[in-house]
Number of protein chains: 2
Amino acid sequence: MRIGEVASAAGVSTRALRYYEQQQLIASSRSTGGQRLYTPDTVERVRWIQLLYAAGLSSRTIVEFLPCVHTGIAGLEMIARLRAERDRLDDHMRDLAATRARLDSVLAAAEFGATRPAGEAAGV
Amino acid sequence: MRIGEVASAAGVSTRALRYYEQQQLIASSRSTGGQRLYTPDTVERVRWIQLLYAAGLSSRTIVEFLPCVHTGIAGLEMIARLRAERDRLDDHMRDLAATRARLDSVLAAAEFGATRPAGEAAGV
DNA sequence: CTTGCCTTTGACGTTAACGTCAACTTTTAC
DNA sequence: GTAAAAGTTGACGTTAACGTCAAAGGCAAG
């Protein structure tokens, strides 16, 4: 596949794909004319990259994880790193849930206020 | 309170507080000598700011939300914006949960591999 | 009144993940 | 065979939320 195909299949820009290659996140062969050629599984790989980015991992971390993600093989240290990242994700999700709850109670108060006509507050 | 007190009480840098003021997120009065003075509730406000930042809101959005967060009063449009942000948060949390699950299954495979001695794979 | 810590403004530095030209070369479609 | 579409490298631009000096003034203690 050429770069445009992969880009639209994975929902990213071609610029992003070149950037990923520069960061060693993906690889490509070249056509005789020098154009990048990708294997189809690159699309899945790019989707993984997007997921991990969205989860707050840096490209440096992702480049360490990707081989393990595909092979399921990891040394003890890598397993520890994976656990650490998973736990960080858990913490972050807890924080988000708490924030969401607080936001929701603000919303509830605001909605309540909005359903009352203007002078109804002082025990009318 | 002076800036250093607020900073350590809220767990942020003094630089951050000056930045927040510049972004209209917080306000301060001044001493005769020109130093910033804050009311104690600024600490809570800063904690809110941190929460919302961590939830992915921009300072521009936060500056819109904060009055409503404190008063519980919001117009219909503001309520819609609050709902939209809450829903975005929900989506994000769903994505994170999915990513976490995938990461976890990778981890399970890696842990399984790590508990097996080196030649045990091929049906020994 | 001086020592030493805190604060002020101003301004440049940082980092990540791309966006966006520019000037060309390859491929593709007709 | 010739446009038009797609791709290439190179390099500067962008954005957010601060970090990090620098030079100078404020403030409580002894």
Side-chain angles (χ1 to χ4, degrees), chain A residues 1-40 42-43 45-66 85 88 92 95-96 99, chain B residues 1-40 42-43 45-66 85 88 92 95-96 99:
Chain A
M1 302 172 73
R2 299 193 336 192
I3 198 170
E5 296 175 75
V6 176
S8 67
V12 302
S13 66
T14 61
R15 176 67 176 93
L17 292 180
R18 294 197 194 94
Y19 175 75
Y20 293 164
E21 183 168 333
Q22 195 180 328
Q23 304 299 309
Q24 321 263 17
L25 293 170
I26 58 177
S28 66
S29 56
R30 296 303 180 108
S31 74
T32 60
Q35 300 197 351
R36 266 168 266 253
L37 297 177
Y38 300 93
T39 59
T42 303
V43 175
R45 197 175 168 92
V46 170
R47 293 219 175 96
W48 255 109
I49 294 170
Q50 295 283 99
L51 282 182
L52 295 178
Y53 270 139
L57 308 203
S58 67
S59 65
R60 220 187 84 60
T61 305
I62 297 177
V63 80
E64 290 176 31
F65 283 4
L66 274 182
E85 285 302 335
R88 259 227 279 275
H92 189 210
D95 290 349
L96 288 186
T99 300
Chain B
M1 303 171 75
R2 298 194 334 195
I3 197 168
E5 297 176 73
V6 177
S8 68
V12 303
S13 66
T14 61
R15 177 68 175 92
L17 292 180
R18 295 197 194 94
Y19 175 75
Y20 294 166
E21 184 169 332
Q22 194 180 330
Q23 304 300 308
Q24 322 262 15
L25 293 169
I26 60 178
S28 66
S29 56
R30 296 304 180 108
S31 75
T32 61
Q35 300 197 351
R36 266 168 267 251
L37 296 177
Y38 300 92
T39 59
T42 303
V43 176
R45 196 176 167 90
V46 170
R47 292 218 175 97
W48 255 110
I49 293 171
Q50 295 283 99
L51 282 182
L52 296 178
Y53 270 138
L57 308 203
S58 67
S59 65
R60 220 187 85 56
T61 304
I62 297 177
V63 82
E64 291 175 32
F65 284 3
L66 274 182
E85 287 301 337
R88 259 225 281 275
H92 189 210
D95 290 351
L96 288 186
T99 300

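A note on names: the letters A, B, ... follow the listed sequences, proteins ahead of strands, and every chain is numbered from 1.
- B:Arg88 meets the salt bridge (charged side-chain N to carboxylate O under 4.0 Å, His left out) test with B:Glu85; sequence neighbours excluded.
- Rounding to the nearest 0.5 Å places CG of B:Leu57 at 6.5 Å from CZ of B:Phe65.
- A:Arg2 meets the salt bridge (charged side-chain N to carboxylate O under 4.0 Å, His left out) test with no other residue; sequence neighbours excluded.
- Among residue pairs with one or both ends in residues 54-66 of chain B, those qualifying as side chain to side chain donor-acceptor pair (under 3.5 Å) are B:Ser58-B:Thr61, B:Arg60-B:Glu64, B:Glu64-B:Arg81; sequence neighbours excluded.
- Using bins of under 30°, 30° to 60° and over 60° for the plane-to-plane angle, the ring pair B:Tyr20/B:Tyr53 lands in the tilted bin.
- Here CD1 of A:Ile3 is found 5.0 Å from OG1 of A:Thr14. Values are rounded to the nearest 0.5 Å.
- Here B:Ile26 contributes atom CD1 and B:Leu66 contributes atom CG; the two are 10.0 Å apart, rounded to the nearest 0.5 Å.
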A correct 5'-to-3' footprint of nucleotides 9-22 of chain C, with B, S and - meaning base, sugar-phosphate only and no protein heavy atom under 4.0 Å, is B-B-----BBBB--
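- Not a single salt bridge (charged side-chain N to carboxylate O under 4.0 Å, His left out) links A:Arg18 to another residue, sequence neighbours left out.
- Taking side-chain N and O atoms only, A:Thr32 has a distance below 4.0 Å to OP1 or OP2 of C:dT27.
- Taking 4.0 angstrom as the limit, A:Ser31 places none of its side-chain polar atoms (N or O) nearer than this to OP1 or OP2 of C:dT26.
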With 3.5 Å as the limit, what N/O pairs link the protein to nucleotides 28-30 of chain D?
none

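- One atom, CG of A:Leu37, and another, P of C:dT26, lie 14 Å apart when rounded to the nearest Å.
- To the nearest angstrom, C1' of C:dT7 lies 5 Å from CD of B:Gln35.
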